[in-house]
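Each ligand, and each atom within it, is numbered from 1 in the order the structure gives.
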Amino acid sequence: MTSYQFPDTFRWGAATAAYQIEGAATEDGRKPSVWDTFSATPGRTLNGDTGTIACDHYHRYEADVKLMAELGIRHYRFSVSWCRVIPDGRGAVNDAGIDFYKRLVDCLRDHGITPHATLFHWDSPQALEDRYGSWRSREIAQDFADYCTAVVTRLGDRVTSWMTINEIACFTHMGYAVDHDPPHAPGTRVRRSRDVWQTSHHALLAHGLGCQAIRAASPGPCSIALVDNPAVTVPLTESPADIAAAQRALHTCGANGGILFPALTGAYSPALLEQLGEDAPIVQDGDLETIHQPIDALGLNIYTGTYVRAAENERGYEFLEFSDTYPRLNMPWLWIVPDAIYWGVRHLRETLNRPDLPVFISENGCAAPDRLTPQNEVLDTDRILYLRQYFKSVHRAVDEGYPLHGYFIWSLMDNFEWAWGYDRRFGIIYVDYSTQRRFPKASFHWYAECIRQRRVV
Ligand code: PNW
């Protein structure tokens, strides 16, 4: 019998992102991001919701940090808003914007919580969209690096754990998709698939130049990570044949072959390039070296996975569809596949040949149709069921010796879930948006107990 005990050194945390929680969209010199514009456009988000107020975390961060301390986490992942720091995307730095992050970080440290700052979580400055179409232009990579320099110069005395960019595929491929009009996220519909791959290529360049900028600006040693959401291939059975199939399929599943592969190996996956043909992005001399920067850690956002088995076809594998009744939580894509965490981590060693790269789960969690009871409780047993299974998968990876060092739950509190607005709740703290009151859910107390006992309870 296993007790699912974790080592004392394992880091437990929670994650959020600037546009999803901060609000204060026009305060202290902040100018619009593409998400302000997109969400203010009729028909783009569910119920026309915007992040203008969100969780009002900008004003309530002290109370929110107290809740983190109650939860018992020692690590908190948040993101810095580019257009708060450099409102026009390039040029003048807005000290008032920086000051908010200084206050937040100092408050975290006063509570014994280590800050992990993501420099970009989808909220590109609108000014750069107007200037050159954001990620459609190569120019954004240098502007991002300059923004990294501005932040790290000013916050590097109190933050040493940096993440460059969150989930490249989500804000490029979903924003610029060829066949969606309007797209699911801000972006201009482009003409062909190659133009979509070009936007993610520019984001990879931004990551690479960003890494160099952070290292150059940091006053002391720091840790730099990329955060990716790989499409995790999970072998249907753990037979050698199905495992080999899942390894081969990793290249062509989702956008892995054009994002995680170049970032970690310095080359686009040959299998993906063959599949893309004429639609492969244009790669200039030196780009792959820039993209393939040394990183200190990799953050994986894993919510679900894709089952794969060996097949007698040309590729040697097949992807399996989910049936209508396969269990999922409150998002169309949120099939419950706990083994995806274990396999996501294991693929780094066996499929991407990066056996020693420290990794952490930078996001995992689920949306559930939470309701406040008359006693002001939220009895989210569905979320606890989900998390308990995924924690066991985290434990398996740690137990088998993979370098998985920590876990950040998505999310600390309910927040602006992008195109789904406030309708989908991912928090372990319930937010009553009419009063901004916070109510820890049953899953909050459950997670607190896991952290206290360092095991899956
Ligand atoms: C992440 N998928 O996005 C983001 O980093 C968060 O900002 C977001 O709130 C959270 O997950 C929940 O959606 C994802 O299709 C978007 O598998 C799509 C997928 C996964 C994560």
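In this structure, Phe10 has its ring center closer than 6.0 angstrom to the ring center of Trp12.
Salt bridge annotation for Arg194-Asp279: absent, with no cationic side-chain nitrogen under 4.0 angstrom from a carboxylate oxygen. Classification of Arg371 and Asp380 as a salt-bridged pair fails, no side-chain N sitting under 4.0 Å from a carboxylate O. Under the 4.0 Å criterion applied to side-chain N and carboxylate O atoms, Glu350 and Arg346 are assigned as salt-bridge partners. By the 4.0 Å N-to-carboxylate-O rule, Arg154 lies too far from Asp99 to be salt-bridged with it. A salt bridge links Glu363 and Arg77; the closest N-O separation between the charged side-chain nitrogens and carboxylate oxygens is under 4.0 Å.
Of all the atoms in ligand 1, the ones that sit under 4.0 Å from a non-hydrogen atom of His121 are 4 (C), 5 (O), 6 (C), 7 (O). Remark: ligand 1 atoms within the under-4.0 Å shell around heavy atoms of Gln20 are 6 (C), 7 (O), 9 (O).
Protein heavy atom nearest atom 14 (C) of ligand 1, with residue, atom name and distance: Glu167 OE1, 3.4 Å. For atom 17 (O) of ligand 1, the closest non-hydrogen atom on the protein side is Trp333 CE3, 3.2 Å. Scanning all protein heavy atoms for the shortest distance to atom 9 (O) of ligand 1 gives Glu417 OE1, 2.6 Å. For atom 11 (O) of ligand 1, the closest heavy atom belonging to the protein is Tyr303 OH, 3.1 Å. Nearest protein heavy-atom neighbour of atom 4 (C) of ligand 1: Glu363 OE1, 3.4 Å.
Of the N or O atoms in Asn229, none lie within a sub-3.5 Å distance of an N or O in ligand 1. Between Trp122 and ligand 1, no N or O atom pair is found at a separation short of 3.5 Å. On a distance-only criterion, Asn415 and ligand 1 share no N/O pair closer than 3.5 Å.
Remark: the backbone N or O of Arg396 is not paired with any side-chain donor or acceptor of Tyr402 at under 3.5 angstrom.
By the 4.0 Å heavy-atom criterion, Ala17 is excluded from the residues contacting ligand 1. Heavy-atom distances between Trp420 and ligand 1 stay at or above 4.0 Å for every pair.
Counting only heavy atoms from C-beta outward, the side chains of Asp382 and Pro369 approach each other to under 4.5 Å.
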**Request:** Take Tyr268 and His201, measure what side-chain hydrogen bond (donor to acceptor under 3.5 Å, both in side chains) needs, and give me the verdict at the end.
**Result:** CA-CA 10 Å; Tyr268 278 78; His201 186 71; 2.8 Å; yes

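Heavy atoms of Cys170 found under 4.0 angstrom from ligand 1 belong exclusively to the side chain.
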